[in-house]
Number of protein chains: 2
Amino acid sequence: MKSKKTDRRIKYTKMVLRESFVKLLKQKPISKITIKEICEEADINRATFYSHYSDQYDLLRQIETGLLSDINEYLAGYSFSDNGSESIQILQKIFEYVQENAEVCSVMLSDKGDISFQQEVMKIVQKQCISEWTKKSVNKELAEYIYSFAVTGSVGVVHKWLKEGMKQSARELAEMVINLTNRGISAFV
Amino acid sequence: MKSKKTDRRIKYTKMVLRESFVKLLKQKPISKITIKEICEEADINRATFYSHYSDQYDLLRQIETGLLSDINEYLAGYSFSDNGSESIQILQKIFEYVQENAEVCSVMLSDKGDISFQQEVMKIVQKQCISEWTKKSVNKELAEYIYSFAVTGSVGVVHKWLKEGMKQSARELAEMVINLTNRGISAFV
DNA sequence: AAATTTATTCAACACATCGTTTATTATTTC
DNA sequence: GAAATAATAAACGATGTGTTGAATAAATTT
């Protein structure tokens, strides 16, 4: 499973580079962030940066994929009861993870992050919930459209939730998303 | 209303710059596109670029706001019957516009474009449909979450629609989005 | 149609960041 | 402690940036 253990120095270098980058990303769009700048902030030699990342966008992507595998690992740690409300439980766990890592997640899911990542996040839900979905038989093409709607819609909700300071609990948000997905507005009137 | 008419040369310059830029945007992410490159493609002097735009991102933003005001103008040209299906009609018109301008729109709404624009597009729908929404009384905070879900979800559907070559009609897509928004999956089982 | 205004071009500029290299130093691992 | 590996420092040519001022070309105005 674990591929050797990585050198402490590498761990440190990557950590400070990530932190400096996220810090800068809070202040300005990625397009205005230079590699020189990231390295100065992190106090890491520029040549060292290049031995780990090809550019800012590569660094961003590595942070994102790190988060994704982190979420997957986090979910793997739980077994969900098969009583028809698995989707809510899974969503709840994901939202809890997002809550616990709000600093990074709020940047990555904001308009500073990129669209493809946002979709990747919610594809995890899709993957986890897919068995429940397919119980409700609809034709495949239609199902894919419903997926797109539900997945991107959920990202929108999470985005708003983060922006407003996460006032609701992860559980409440999960219930809301499931309701919206299953019954739309009619669930709330 | 109209603020003088703009010089023909300006019109031309801006047009070819936009075209060249969109062409490049189909090939690679905006971060890899240089101003030098756009100008060579358009056969426009680099100094001229700077007299109209500050950088690639400014150019992108201007294209986007152009599209938005274009859609608004397009919608203003129609009056919608007030028989409870206004939302469908408005959505249909918007989707027709997207269809007619598929080349630009598919780039702008893809992961090449930026998130804020995608949300702006669907805020037009929100604005247009808001009266119909508020009929169904829900509390304001909840309503905003529902908006977020519906709006971003709809963008997801449109994105998919464009990517798959717009097989459905604008009308069909409008109906699908309205159904998903109002009744969720339950509308399709 | 000529005069005037305005846009674009051209060439040059100093400047910053880029991405790579090479020798040297520091740290970690075994 | 020895060997291996990572980070540093300094230098490099290369490339794109953003701005300039003078010359040219095209539009609009009269």
Side-chain angles (χ1 to χ4, degrees), chain A residues 1-66 107 112-114, chain B residues 1-66 107 112-114:
Chain A
M1 194 104 271
K2 300 213 140 114
S3 56
K4 303 275 176 63
K5 47 188 159 194
T6 47
D7 196 302
R8 287 179 197 165
R9 288 167 295 184
I10 295 180
K11 275 186 186 171
Y12 173 80
T13 299
K14 287 194 160 191
M15 188 196 69
V16 284
L17 283 175
R18 277 198 305 267
E19 283 177 356
S20 304
F21 178 60
V22 171
K23 184 178 174 183
L24 289 166
L25 212 45
K26 284 182 193 166
Q27 297 162 18
K28 50 178 154 180
I30 189 169
S31 58
K32 304 287 180 210
I33 298 174
T34 65
I35 293 166
K36 186 171 179 278
E37 205 175 6
I38 300 168
C39 294
E40 276 171 0
E41 177 72 37
D43 194 29
I44 292 291
N45 193 280
R46 206 155 52 83
T48 309
F49 179 98
Y50 285 110
S51 71
H52 295 296
Y53 309 104
S54 61
D55 55 29
Q56 312 98 295
Y57 300 90
D58 183 35
L59 171 53
L60 177 66
R61 226 206 51 236
Q62 287 198 32
I63 292 176
E64 289 174 343
T65 56
V107 176
K112 301 290 179 62
D114 70 294
Chain B
M1 195 104 269
K2 298 214 144 115
S3 53
K4 304 271 178 62
K5 48 189 159 192
T6 46
D7 196 302
R8 286 178 199 165
R9 289 167 294 183
I10 296 180
K11 276 186 185 172
Y12 173 80
T13 299
K14 288 195 160 191
M15 187 196 70
V16 283
L17 284 175
R18 278 197 305 267
E19 283 177 357
S20 304
F21 178 60
V22 170
K23 183 177 174 184
L24 289 166
L25 212 45
K26 284 182 194 166
Q27 297 162 19
K28 50 178 156 180
I30 188 169
S31 57
K32 306 286 180 210
I33 299 174
T34 65
I35 294 167
K36 187 172 179 277
E37 204 175 7
I38 300 168
C39 294
E40 276 172 0
E41 177 72 38
D43 194 28
I44 292 291
N45 193 278
R46 206 155 51 82
T48 309
F49 179 98
Y50 285 110
S51 72
H52 295 296
Y53 310 103
S54 60
D55 55 30
Q56 313 96 297
Y57 301 91
D58 184 35
L59 171 53
L60 177 66
R61 227 207 50 236
Q62 287 198 33
I63 292 176
E64 288 174 343
T65 56
V107 177
K112 300 291 179 59
D114 70 295

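Convention: sequence-line order gives letters A, B, ...; per-chain numbering from 1.
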Picking from A:Arg46, A:Arg18, A:Lys23, what satisfies salt bridge (Lys or Arg N to Asp or Glu O under 4.0 Å) with A:Glu41?
A:Lys23
Is there a donor N/O on one and an acceptor N/O on the other, under 3.5 Å, for the side chain of B:Arg46 and the base of D:dG18?
yes
Spacing between B:Ile35 atom CD1 and D:dT15 atom C1', to the nearest angstrom
13 Å
Any side-chain N or O of B:Thr13 under 4.0 Å from OP1/OP2 of C:dT8?
yes
In Å, rounded to the nearest 0.5 Å, how long is the span from OG of B:Ser20 to CD1 of B:Ile44?
8.0 Å
Length of the CD-P vector between A:Glu40 and C:dA16, whole Å
12 Å
Is any side-chain nitrogen or oxygen of B:Thr48 closer than 4.0 Å to OP1 or OP2 of C:dA7?
no
Give the rounded distance in Å between these two atoms: CG of A:Leu17 and C1' of D:dA6.
13 Å
Any B:Arg8 side-chain N or O less than 4.0 Å from OP1/OP2 of D:dT28
yes
Find the distance B:Ile10:CD1 to C:dT6:C1' and express it as a whole number of Å.
8 Å
note: A:Tyr12, atom OH; D:dT8, atom C1'; distance rounded to Å ~ 14 Å
Nearest-Å distance, CZ (A:Phe49) to C1' (D:dA9)?
19 Å
OP1 or OP2 of C:dT8 less than 4.0 angstrom from a side-chain nitrogen or oxygen of B:His52, does that happen here?
yes
Is a donor-acceptor contact shorter than 3.5 angstrom present between the side chain of A:Arg9 and the base of D:dA7?
no
Between the side chains of A:Glu40 and A:Lys36, is the shortest nitrogen-to-carboxylate-oxygen separation below 4.0 Å, so that they form an ion pair?
yes
Atom-pair distance (CG on A:Asn45; P on C:dA23), nearest Å:
17 Å
Over all heavy atoms of both residues, which pair between A:Glu37 and A:Lys32 is shortest? Give the atoms and the distance, please.
OE1-O, 3.7 Å
Would you call B:Ile33 and B:Ile38 a side-chain contact if the rule is heavy atoms closer than 4.5 Å?
yes
What is the distance from CD of B:Gln56 to C1' of D:dT17, rounded to the nearest Å?
10 Å
For B:Thr34 and for B:Ala47, locate the closest nucleotide of DNA chain D by heavy-atom distance; then report the residue assigned to the nucleotide nearer the 5' terminus.
B:Thr34
Give the nucleotide from the list C:dA7, C:dC18, C:dT8 with an atom nearest to the side chain of B:Asp7.
C:dA7
